[in-house]
Amino acid sequence: DPEVGSQAAVLGAILFNFGFVTTVPSWVNEKKPHVSVNRSVWLSTFVCVLVFFAVGLSGAVAFPEILQGPTSNRCRRQAEDPSFNCMNDLLELFVDSAGAAARWEAYPKVRWLLKGSVYIFPIVAIVSSIPVF
């Protein structure tokens, strides 16, 4: 369906951002004997999905005019101006001067914090997924 698009990008982002392959085996080796693996994994996954949706939906609601939809690959401003390049994700939105970053140009400390957070996020995400043996 050309109006809805494919959900493949959404499914991949949700499933592969949790890093089950590296974290669960390491955690199972270190857990106490009385801790239930099923309960712990399902509960933590449920909480992560809730946080993932809360962050994603709040971004989608706050910036629908410039944030690209995962299935349509379009945004509202692009419908008005076909040459406009929609932001792909919240990280790009916070750094690009055409996005939300333009609203904080007058506050250099906030801009520095946003840019620093965007650039440090991938490093923290990768380092935290490395199993420690």
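- The salt bridge (charged side-chain N to carboxylate O under 4.0 Å, His left out) contacts involving residues 47-57 comprise nothing, where partners must be two or more places apart or lie in separate chains.
- The salt bridge (charged side-chain N to carboxylate O under 4.0 Å, His left out) pairs that include a residue from residues 45-58 number zero, where partners must be two or more places apart or lie in different chains.
- Members clustered with L50: F46, by chain and number, using a 4.5 Å side-chain heavy-atom cutoff among hydrophobic residues.
- Annotation for W42: hydrophobic cluster partners, listed by chain and number, are none (ILVMFWY side-chain heavy atoms under 4.5 Å, direct or chained).
- Considering every non-hydrogen atom in both L93 and M87, the closest pair reads CD1-CG, 3.7 Å.
- Shown here are the side chain to side chain contact (heavy atoms under 4.5 Å, CB included) partners of L91, two or more places apart in sequence or in another chain: D89, V118, F121.
- The hydrophobic cluster containing L114 also contains Y119, counting ILVMFWY residues as joined when their side-chain heavy atoms lie under 4.5 angstrom apart, directly or transitively.
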Pair up each side-chain donor or acceptor in residues 58-68 with any protein partner under 3.5 Å, not counting sequence neighbours, and list the distances.
{"from": "S58", "atom 1": "OG", "to": "A54", "atom 2": "O", "distance (Å)": "2.9"}
{"from": "S58", "atom 1": "OG", "to": "V55", "atom 2": "O", "distance (Å)": "2.9"}
{"from": "E65", "atom 1": "OE2", "to": "R103", "atom 2": "NH2", "distance (Å)": "3.4"}
{"from": "Q68", "atom 1": "NE2", "to": "N73", "atom 2": "OD1", "distance (Å)": "3.1"}

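- Applying the salt bridge (charged side-chain N to carboxylate O under 4.0 Å, His left out) test to residues at least two apart or on different chains, none of the pairs has a partner in residues 37-56.
- Hydrophobic clustering, with ILVMFWY side chains joined whenever heavy atoms are under 4.5 angstrom apart, keeps L113 apart from L90.
- By the side chain to side chain contact (heavy atoms under 4.5 Å, CB included) test, K109 pairs with no residue at all, sequence neighbours left out.
- The closest donor-acceptor contact from the side chain of S40 to the backbone of V37 lies at 3.5 Å or more, if one exists at all.
- Under the rule for a side chain to side chain contact (heavy atoms under 4.5 Å, CB included), the partners of S83 that lie at least two apart in sequence or sit in another chain are D81.
- Annotation for F84 and Q78: closest pair O-NE2, 3.2 Å, computed over non-hydrogen atoms.
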